[in-house]
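Nothing here was measured: the structure is a model prediction, and the numbers come from that model. Any value given below was found using the heavy atoms of this structure, including those in side chains, with hydrogens, waters and symmetry copies removed.
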Amino acid sequence: PCKTIDYAMGLIYPTEGDPILIQILEGIYAPSTNSEIYPIQMMDWVSLSGSSIETTILDAESTGRVLNIDNLQGNFISNLTVTGGNSGDGAGIHIRESDPVLDNIALINNSGSGIDIRYYSSPTLNNIIVSGNSGNGIYIYDNSHPLLTDLTASNNNNRGVDIYNHCSPTITGAVLSDNSNRGLYI
């Protein structure tokens with residue numbers, strides 16, 4: 001196994017015909033525990049899979065954003081917690097011009113929004129928890145059309161879900177509670 005996700009990313013050469021799955025073992029992946037470098041810059045045709053939300057934790061310890069998915073294809077991220085991100089836009093996960101699948105992810109206690117979905121992105125988000133973030137739980141912006149299923153957005157310091165500028169998400173099975181400035185803002 002590799003010590004860090006960043007190091008593993010430097011060893012791989014994924015393609016559409018040969019995508020790569022990085023399996024992340026149980027543990028806390030943080031600058032202070034294993035010298036993880038943030039933000040993790042995703043690549044085309046790379047997927048990340050943790051053991052579970054409870055046992056696989058990506059913690060940026062306020063050094064920057066946790067995951068950056070920018071103009072990419074073929075990404076699937078599952079079974080982990082994203083925390084400790086620090087960025088005004090997408091402190092946990094920033095999605096731009098990409099359509100990843102996120103499944104069974106918790107985004108908690110990030111300094112900024114949990115997830116930003118921007119600029120013509122249409123990701124699929126299943127079983128997502130966004131809680132305790134200092135900004136919005138999820139910010140959907142500028143012609144993005146995500147599919148959100150089984151979403152819980154609670155205790156965020158702004159809105160649970162903020163939808164702005166020609167977006168049409170599909171939201172099924174959502175609990176939006178105890179966000180300081182509305183559960184849903186359109």
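- Between Glu61 atom CD and Thr33 atom OG1 the span is 6.5 Å, to the nearest 0.5 Å.
- The side-chain heavy atoms of Met9 and Gln41, taken from C-beta on, include no pair separated by under 4.5 Å.
- Residues Pro169 and Leu148 share a closest heavy-atom pair of CB-CD1, 3.9 Å.
- Ring geometry, Tyr139 versus Tyr164: the interplanar angle falls under 30°, so the pair is classed parallel (tilted spans 30 to 60°).
- Only one option out of Leu147, Ile171, Ile93, Ile115 pairs with Leu125 in a side-chain contact (heavy atoms from CB on, under 4.5 Å); it is Ile115.
- The shortest distance between side-chain heavy atoms of Asn71 and Tyr119 does not fall below 4.5 Å.
- In this structure a side-chain-to-backbone donor-acceptor pair under 3.5 Å is present from Ser131 to Ser154.
- Here the CE atom belonging to Met42 is positioned 6.5 Å from the OG atom belonging to Ser47, to the nearest 0.5 angstrom.
- Here the side chains of Pro100 and Ile95 are in contact, with some heavy-atom distance below 4.5 Å.
- Salt-bridge annotation for Arg96 and Asp116: absent, with no side-chain N of the basic residue lying under 4.0 Å from a carboxylate O of the acidic one.
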Quiz item: Going through the distances and angles, do Asp89 and His94 end up as a side chain to side chain contact (heavy atoms under 4.5 Å, CB included)?
Solution: CA-CA 7 Å; Asp89 57 343; His94 183 81; 3.7 Å; yes
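- Considering CG of Asn181 and CG of Asn158, their distance stands at 5.0 Å, rounded to 0.5 Å.
- Counted within 6.0 Å of CD1 on Ile20, heavy atoms from surrounding residues, nucleotides or ligands total more than 12; the atom is thus considered enclosed.
- Distance alone, capped at 3.5 Å, is enough to place a donor-acceptor pair between the Asn110 side chain and the Gly85 backbone.
- Nearest heavy atom pair, residue Ser87 against residue Arg65, reads OG-NH2, 3.3 Å.
- How far OH of Tyr38 is from CG of Asn86: 13.5 Å, rounded to the nearest 0.5 Å.
- Side-chain contact between Leu184 and Asn179: absent, with no pair of heavy atoms (C-beta onward) separated by less than 4.5 Å.
- Residues Ile77 and Ile69 are in side-chain contact: their nearest non-hydrogen atoms beyond the backbone lie under 4.5 Å apart.
- Nearest heavy atoms, Ala60 versus Thr63: O-OG1, 2.7 Å.
- Side-chain contact check for Val130 versus Leu151: some heavy-atom pair is nearer than 4.5 Å.
- Between Glu54 and Glu26, every side-chain heavy-atom pair lies at or beyond the 4.5 Å cut-off.
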Self-check item: Worked verdict on Asn79 versus Asn104 for side chain to side chain donor-acceptor pair (under 3.5 Å)
Solution: CA-CA 5 Å; Asn79 301 320; Asn104 203 33; 2.8 Å; yes
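- A donor atom on one side chain and an acceptor atom on the other are found under 3.5 Å apart for Asn156 and Asn133.
- Looking at every heavy atom in both residues, Leu80 comes nearest to Ile53 through O-CG1, 3.8 Å.
- Leu102 and Tyr120 end up in different hydrophobic clusters when Ile, Leu, Val, Met, Phe, Trp and Tyr side chains are linked at under 4.5 Å.
- A donor-acceptor pair under 3.5 Å is absent between the side-chain atoms of Glu16 and the main chain of Trp45, judged by distance alone.
- One hydrophobic cluster, built from ILVMFWY side chains closer than 4.5 Å, holds both Ile12 and Leu72.
- Donor-acceptor pairing under 3.5 Å is lacking for the side chains of Ser144 and Asp142.
- Under the 4.5 Å side-chain heavy-atom criterion for Ile, Leu, Val, Met, Phe, Trp and Tyr, Val46 and Leu25 are members of the same hydrophobic cluster.
- A donor-acceptor contact closer than 3.5 angstrom is absent between the side chains of Gln73 and Asp44.
- Asn34 contributes a side-chain N or O that, together with a main-chain N or O of Lys3, makes up a donor-acceptor pair within less than 3.5 Å.
- The CD atom of Glu36 lies 4.5 Å from the CD1 atom of Ile5; values are rounded to the nearest 0.5 Å.
- Just one of Ser122, Ser168, Ser121 meets the side chain to side chain donor-acceptor pair (under 3.5 Å) condition when paired with His145; it is Ser168.
- Across all their heavy atoms, Ala8 and Ile22 have their closest contact at CB-CD1, 4.2 Å.
- Leu11 and Cys2 get closest at one heavy-atom pair: CD1-SG, 3.8 Å.
- When Asp6, Val66, Ile24, Ile40 are each tested for a side-chain contact (heavy atoms from CB on, under 4.5 Å) with Tyr29, only one passes: Ile24.
- One hydrophobic cluster, built from ILVMFWY side chains closer than 4.5 Å, cannot hold both Leu176 and Tyr185; they sit in different ones.
- Of the possible donor and acceptor atoms, none in the side chain of Ser113 sits under 3.5 Å from a partner among the backbone N and O of Asn136.
- Going from atom CD1 of Ile108 over to atom CD1 of Ile129 covers 8.5 Å, rounded to the nearest 0.5 Å.
- Proximity of Leu21 to Ser49: side-chain heavy atoms (C-beta onward) are separated by under 4.5 Å at one or more points.
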